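Working notes, beginning with the structure itself.
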Amino acid sequence: MKTIYLIGFMGSGKSTVGLRLAKKLNRSFIDTDDYIKQNYNMSIPDIFKKYGEQTFRQYEIEALRNTTAYSIIATGGGIVERKENILAMKNGTIIYLETSFEEIVNRLKKDQSRPLWKSTKSEQMTLYNKRMQMYKKNAHFTIETTYKTVDEVVSAIVSKMKNKCGL
Ligand code: S3P
């Protein structure tokens, strides 16, 4: 089975779904944000605060390069901001977890851990719309998650993979 890359906006459930999917398929799993936190022994907000977004993006490129041995990879919402990441992920299967803007707003109401979410509603929406195009353009397929439970999303991925790739 090719590596599965889960992409999507902050709060779309990539990490939770990825972990559950890995358990169901008995595959290895890693989250690029967790890799970065462990590798640099710093939280994501601290990396943004101390070194800025561009350094974080560089760490993200390295994280993707260093995790190719894993079978299921949950990525950060901004992974599509760098072309080399998209190229690397194209070697595997890229799955976009699509979630409506309203649902993201609802899920991230109290979130303090995502520097790029700490902005005005209009900036949040601009980022969402820009990213949505990038996810759609680059994913091998899209799974709608807005009204689904984690298990329903996992089942939807498994059945799509069976149809498309003979999982
Ligand atoms: C980011 C998303 C975050 C994290 C960082 C930047 C983004 O990951 O990588 O805060 O640019 O969208 P999640 O998508 O897991 O929240």
Side-chain angles (χ1 to χ4, degrees), residues 3-23 28-68 70-89 92-139 142-146 148 150 153-154 157:
T3 304
I4 294 175
Y5 293 96
L6 297 176
I7 66 168
F9 203 74
M10 297 173 250
S12 60
K14 302 172 297 277
S15 311
T16 315
V17 166
L19 188 60
R20 191 81 59 91
L21 180 67
K23 284 200 173 132
S28 57
F29 169 77
I30 194 154
D31 177 311
T32 55
D33 281 345
D34 287 344
Y35 175 91
I36 292 169
K37 284 185 231 166
Q38 280 162 24
N39 203 38
Y40 294 95
N41 199 22
M42 271 176 100
S43 70
I44 307 279
D46 283 349
I47 296 172
F48 269 73
K49 216 184 299 162
K50 201 159 178 204
Y51 304 117
E53 183 180 350
Q54 297 317 311
T55 299
F56 174 76
R57 296 293 169 218
Q58 201 51 46
Y59 290 175
E60 210 170 29
I61 290 170
E62 283 161 25
L64 208 57
R65 274 196 204 129
N66 293 336
T67 51
T68 49
Y70 288 84
S71 183
I72 296 171
I73 303 181
T75 62
I79 204 84
V80 289
E81 296 282 352
R82 291 290 179 274
K83 283 210 182 80
E84 54 261 71
N85 291 340
I86 293 169
L87 275 177
M89 293 192 295
T93 305
I94 307 176
I95 304 176
Y96 167 34
L97 300 188
E98 184 174 34
T99 313
S100 74
F101 181 71
E102 289 69 28
E103 177 62 11
I104 298 283
V105 169
N106 189 36
R107 289 184 195 174
L108 300 185
K109 257 193 316 248
K110 296 190 180 125
D111 187 80
Q112 292 298 320
S113 66
R114 294 169 170 95
L116 293 186
W117 189 247
K118 286 186 180 170
S119 55
T120 64
K121 186 96 182 245
S122 137
E123 285 167 338
Q124 291 171 345
M125 199 180 276
T126 302
L127 183 65
Y128 177 89
N129 287 329
K130 178 188 118 178
R131 291 272 182 82
M132 194 178 61
Q133 317 273 341
M134 298 164 101
Y135 300 137
K136 283 214 163 123
K137 185 167 156 234
N138 293 299
T142 297
I143 301 288
E144 170 55 49
T145 76
T146 306
K148 292 196 181 101
V150 173
V153 174
V154 167
I157 294 175

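Only heavy atoms go into these numbers, but all of them, side chains included; no hydrogens, no water, no symmetry mates. For ligands, and for the atoms within them, numbers begin at 1 and follow the listed sequence. Bear in mind that the values here come from a model prediction, so they are computed numbers and not experimental data.
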Can you name the ring-ring contact (aromatic ring centres under 6.0 Å, His included) partners of Tyr96, sequence neighbours left out? Tyr135
N or O contact, Phe56 vs ligand 1, cut-off under 3.5 Å: no
Closest protein heavy atom to atom 16 (O) of ligand 1, given as residue, atom name and distance to 0.1 Å: Arg114 NE, 2.5 Å
Between Pro45, Ser113, Gly78, flag the one that comes closest to atom 1 (C) of ligand 1 by a heavy atom. Gly78
Pull out every atom of ligand 1 sitting under 4.0 Å from any heavy atom of Gly76, numbered as shown with elements. 8 (O), 9 (O), 14 (O)
Measuring from non-hydrogen atoms of Trp117 to any atom of ligand 1, is the shortest distance under 4.0 Å? no
Any donor-acceptor N/O pair, Ser71 side chain to Thr3 backbone, under 3.5 Å: no
Sorted by chain and residue number, the ring-ring contact (aromatic ring centres under 6.0 Å, His included) partners of Tyr59 (sequence neighbours excluded) come out as Tyr40
Determine whether the side chains of Thr32 and Thr75 contain a donor N or O and an acceptor N or O closer than 3.5 Å. no
Atom 15 (O) of ligand 1 sits nearest the protein heavy atom Asp33 OD2, 3.4 Å
Sub-4.5 Å side-chain heavy-atom contact between Gln133 and Lys136: no
Salt bridge (Lys or Arg N to Asp or Glu O under 4.0 Å) evaluation trace for Lys148 with Glu98: CA-CA 11 Å; Lys148 292 196 181 101; Glu98 184 174 34; over 6 Å; no
For Gly8, is there any backbone N or O sitting under 3.5 Å from a side-chain donor or acceptor partner on Lys14? yes
With heavy-atom distances below 4.0 Å as the criterion, list the atoms of ligand 1 near Ile44. 5 (C), 10 (O)
Can you list the ligand 1 atoms lying under 4.0 Å from a non-hydrogen atom of Pro115? 10 (O)
Contact between Arg57 and ligand 1, counting heavy atoms under 4.0 Å? yes
Looking at ligand 1, would Arg131 count as a contact under a 4.0 Å heavy-atom criterion? yes
Do any N/O atoms on Thr75 end up under 3.5 angstrom from N/O atoms on ligand 1? no
Tell me, yes or no, whether the heavy-atom count around Asn129 atom CG, taken from other residues, nucleotides or ligands under 6.0 Å, exceeds 12. yes
Identify, by atom number and element, the atoms of ligand 1 in contact range of Lys14, meaning under 4.0 Å from any of its heavy atoms. 13 (P), 14 (O), 15 (O)
